[in-house]
> 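Can you keep this structure in mind? I'll have questions shortly.
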Number of protein chains: 2
Amino acid sequence: MEFTEAELHQLEALTSTKRTFLRGDYLYHSGSKFESLFAIRTGFFKTQVIHEDGREQVTGFQMAGEIIGLDAISTDIHTCDAVALEDSEICELPFNRLEELSRQLPTLQRHLHKIMSREIVRDQGIMLLLGSMRAEERLAAFLLNLSQRFAARGYSASAFKLRMTRQEIGSYLGLKLETISRTLSNFQESRLIDVQIKSIELLDMTRLLGLVGQQRFTPI
Amino acid sequence: MEFTEAELHQLEALTSTKRTFLRGDYLYHSGSKFESLFAIRTGFFKTQVIHEDGREQVTGFQMAGEIIGLDAISTDIHTCDAVALEDSEICELPFNRLEELSRQLPTLQRHLHKIMSREIVRDQGIMLLLGSMRAEERLAAFLLNLSQRFAARGYSASAFKLRMTRQEIGSYLGLKLETISRTLSNFQESRLIDVQIKSIELLDMTRLLGLVGQQRFTPI
DNA sequence: CGGAGAGTTGAGAAACCTCAAAGCAGGTGG
DNA sequence: CCACCTGCTTTGAGGTTTCTCAACTCTCCG
């Protein structure tokens with residue numbers, strides 16, 4: 001992606017508003033008015049939908065470099081909560097100015113479209129997972145996806161800390177927290193992983209991939 | 001949405017390419033190069049992903065007025081098949097020209113963004129369904145969703161023809177075709193619906209709505 | 001040091017799947 | 001135009017996976 005100096009200046013102006021969030025803080029609430037997208041600079045978030053009856057569903061875990069808030073464009077109202085799972089720094093992108101700038105910069109426009117499309121593909125990957133995988137396959141896919149994303153950010157692909165609880169993993173994967181706990185224990189028993197509460201080490205990635213293997217492995 | 005006459009002319013030029021598809025025809029195949037979005041003028045489509053082992057996963061059903069192909073923007077390669085479930089007429093929207101035009105017409109740009117965002121919201125709704133609902137709730141939600149969409153197009157909200165098989169419904173809802181069949185029979189037994197193979201009549205929409213959501217949390 | 005939240009584990013129940021067989025509908029060719 | 005075929009649908013019985021409920025332990029903070 002190539003920009004002129006003047007364009008870079010505009011982009012910089014767009015991304016100048018930065019804010020920090022502590023663990024547990026809400027980036028936005030479901031129902032609140034949509035003004036901006038948010039780029040995560042550092043940290044870790046979850047997005048969740050709360051059903052009227054109290055059921056909650058985690059719809060995603062987002063880490064540094066990812067864009068959050070795309071769902072709100074459709075109605076100008078946020079359709080989910082975004083909650084920091086660790087202390088985080090975000091960069092606010094006022095959407096009106098983003099649209100304006102992307103009319104001037106075709107490269108930025110194309111980039112924005114690809115980001116939105118990637119979110120659609122990601123969601124369809126999770127639909128696949130929820131619709132056709134069993135507990136072991138879902139959890140293996142989840143761990144491998146986290147591994148990939150940590151590796152892409154320069155962290156270890158085989159050892160990392162979970163930022164979320166068993167309950168949140170379960171909600172995301174359409175399983176109960178007890179099932180997550182049991183399946184992790186089984187993986188440990190089978191020497192696939194080593195797990196100490198929040199610390200995960202992937203011991204045999206080949207066999208983990210094999211668990212997901214018969215299914216199509218789409219990055220989450 | 002307001003456009004000048006010149007703008008309307010441009011839009012018309014964009015949407016001038018129309019094609020018809022017969023039942024079973026593919027609009028595009030997974031893996032093929034992405035050139036255009038498609039607006040459905042009349043008819044009914046499904047999108048699906050085929051696993052290596054031959055199993056199919058339906059990712060959506062699309063009807064008149066809806067846009068198909070958004071997932072392909074991210075990689076310029078279609079990530080799913082789109083198949084006509086009845087004879088259909090579509091309108092091809094070359095994406096390059098769409099982007100170009102949307103740089104000139106902020107209203108069109110905003111419209112495109114909203115369409116993409118709506119697809120994200122839709123997918124997250126299905127994630128919620130797949131992740132936290134039981135078979136009866138999923139099927140009730142599915143029938144009510146179809147009902148809404150038919151009603152929005154001027155057709156009856158309470159009586160319509162299913163364009164897809166039990167297998168395709170099951171694939172979409174993360175259930176086996178036998179479970180779909182049994183659950184439909186249960187609904188009929190309970191006088192919630194009347195079903196004759198592909199013909200559905202919703203007899204008690206209030207109770208169907210009640211099924212979606214409260215079931216699991218009602219005291220025994 | 002104590003409490004609250006988080007995690008583990010077990011046993012029994014519920015939901016859904018698999019396998020199997022039989023019934024139906026709709027299109028095609030004789 | 002009808003009979004047949006093929007694919008779709010229904011229904012049953014038994015098996016598997018996951019959930020629910022419960023008890024207990026662990027960890028992290030204040």
Side-chain angles (χ1 to χ4, degrees), chain A residues 22-24 46 54-58 83 85-87 129-140 142-143 161-190 193-200 211 214-215, chain B residues 22-24 46 53-58 83 85-87 129-140 142 161-190 193-200 211 215-220:
Chain A
L22 300 181
R23 186 154 74 92
K46 70 167 174 180
R55 242 181 289 193
E56 82 173 41
Q57 166 92 23
V58 173
V83 188
L85 294 182
E86 64 178 23
D87 298 355
L129 178 146
L130 293 172
S132 70
M133 291 189 190
R134 301 181 312 125
E136 286 196 347
E137 303 173 295
R138 294 185 201 189
L139 196 54
F142 175 72
L143 292 174
K161 265 205 178 321
L162 297 175
R163 264 69 176 187
M164 68 296 280
T165 66
R166 304 288 191 267
Q167 150 104 46
E168 286 163 339
I169 298 174
S171 172
Y172 183 59
L173 298 179
L175 300 166
K176 293 295 155 186
L177 68 92
E178 296 95 330
T179 304
I180 301 298
S181 181
R182 272 185 250 273
T183 308
L184 284 175
S185 297
N186 292 346
F187 282 180
Q188 172 138 326
E189 183 76 15
S190 315
I193 66 173
D194 185 69
V195 50
Q196 302 292 337
I197 311 296
K198 301 275 193 195
S199 298
I200 293 274
L211 266 182
Q214 295 168 354
Q215 316 285 333
Chain B
L22 301 182
R23 186 155 72 92
K46 71 169 174 180
D53 54 22
R55 278 181 300 175
E56 76 173 33
Q57 169 88 23
V58 173
V83 188
L85 294 182
E86 64 179 23
D87 297 355
L129 179 146
L130 293 172
S132 70
M133 290 188 188
R134 304 185 301 121
E136 286 195 347
E137 302 174 281
R138 292 185 202 190
L139 196 54
F142 174 71
K161 264 206 181 316
L162 297 176
R163 264 69 175 186
M164 68 295 282
T165 66
R166 305 287 190 266
Q167 152 109 41
E168 286 163 339
I169 299 173
S171 171
Y172 183 59
L173 298 180
L175 300 166
K176 293 296 156 186
L177 67 93
E178 295 95 331
T179 303
I180 301 298
S181 180
R182 273 186 247 274
T183 308
L184 284 175
S185 298
N186 292 346
F187 282 180
Q188 173 139 324
E189 182 77 16
S190 316
I193 66 172
D194 184 70
V195 51
Q196 303 292 335
I197 310 295
K198 301 276 194 192
S199 298
I200 293 273
L211 264 183
Q215 184 98 349
R216 189 176 303 187
F217 289 84
T218 44
I220 307 169

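First the proteins, then the strands, lettered A, B, ... as listed; each starts at 1.
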> Judged by atom type as modelled, is there a donor-acceptor pair below 3.5 Å linking the side chain of A:Gln57 to the main-chain atoms of A:Ser171?
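Yes: the side chain of A:Gln57 pairs with the backbone of A:Ser171.
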> If you assign each of A:Ile197 and A:Leu175 to its closest nucleotide in DNA chain D, which residue comes earlier from the 5' end?
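Between the two, 5'-proximity favours A:Leu175.
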> Could you state the atom-to-atom distance from CG of B:Leu184 to C1' of C:dC16 in whole Å?
15 Å
> Do any side-chain nitrogens or oxygens of B:Thr179 fall under 4.0 Å of OP1 or OP2 in C:dC17?
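Yes, such a contact exists.
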> B:Arg166 side chain: which of C:dT8, C:dC17, D:dT10 is closest?
D:dT10
> Using modelled atom types and a 3.5 Å cut-off, is there a donor and acceptor pairing between side-chain atoms of A:Asp87 and backbone atoms of A:Arg23?
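Pair found, side chain donor or acceptor close to backbone of A:Arg23.
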> Would you indicate what B:Arg23 reaches in the nucleic acid, counting non-hydrogen atoms under 4.0 angstrom: base, sugar-phosphate, or nothing?
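Nothing, no heavy atom under 4.0 Å.
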> Would you mind reading off the distance between A:Leu130 atom CG and D:dT17 atom C1', rounded to a whole angstrom?
16 Å
> Looking at A:Thr165, I'd like to know whether one of its side-chain N or O atoms comes within less than 4.0 Å of OP1 or OP2 on C:dG5.
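Answer is no, no contact under 4.0 Å.
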> Report yes or no: is there a donor-acceptor pair, N or O only, under 3.5 Å between the side chain of A:Gln196 and the base of D:dC26?
no
> When you measure from the side chain of A:Arg166 to the backbone N and O of A:Ile197, does any donor-acceptor pair fall under 3.5 Å?
yes
> What is the distance from CD of B:Glu178 to C1' of D:dT9, rounded to the nearest Å?
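These atoms are roughly 10 Å apart.
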> Nearest-Å distance, CD1 (A:Ile169) to P (C:dT8)?
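Rounded to the whole Å, the gap is 10 Å.
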> Roughly, in whole Å, what's the span from NZ in B:Lys176 to P in D:dT18?
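Distance check: B:Lys176 NZ to D:dT18 P gives 13 Å.
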> What pairs of donor and acceptor atoms, side-chain ones from residues 177-185 of chain A against any protein atom, are under 3.5 angstrom apart with sequence neighbours left out?
from	atom 1	to	atom 2	distance (Å)
A:Thr183	OG1	A:Thr179	O	2.6
A:Ser185	OG	A:Ser181	O	3.0

> Confirm from the modelled atom types if B:Arg182 and D:dG12 form a donor-acceptor pair under 3.5 Å, side chain to base only.
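Result: at least one qualifying N/O pair found.
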> Quickly work out the B:Leu177 CG to C:dA20 C1' distance and round it to whole Å.
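Computing the B:Leu177:CG to C:dA20:C1' distance gives 13 Å.
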> With a non-hydrogen cut-off below 4.0 angstrom, is B:Gly170 in contact with a base, only sugar-phosphate, or nothing?
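Since no nucleic acid heavy atom lies under 4.0 Å of B:Gly170, the category is nothing.
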> So, A:Arg163 and A:Glu86, do they make that salt bridge, N to O below 4.0 Å?
yes
> Could one point to a donor on the side chain of A:Arg138 or the base of D:dT17 with an acceptor on the other under 3.5 Å away?
no
> For C:dA6, does either OP1 or OP2 sit under 4.0 Å from a side-chain N or O belonging to A:Lys198?
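Answer no for this pair, as no side-chain N or O of A:Lys198 is under 4.0 Å from OP1 or OP2.
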> Given atom CD of B:Gln167 and atom P of D:dT6, what is their separation to the nearest angstrom?
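These atoms are roughly 19 Å apart.
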> In whole angstroms, how far is the P atom of C:dG7 from the CZ atom of A:Phe187?
17 Å
> Check whether any side-chain nitrogen or oxygen of A:Arg134 sits under 4.0 Å from OP1 or OP2 of D:dT17, and answer yes or no.
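Answer yes for this pair, as a side-chain N or O of A:Arg134 is under 4.0 Å from OP1 or OP2.
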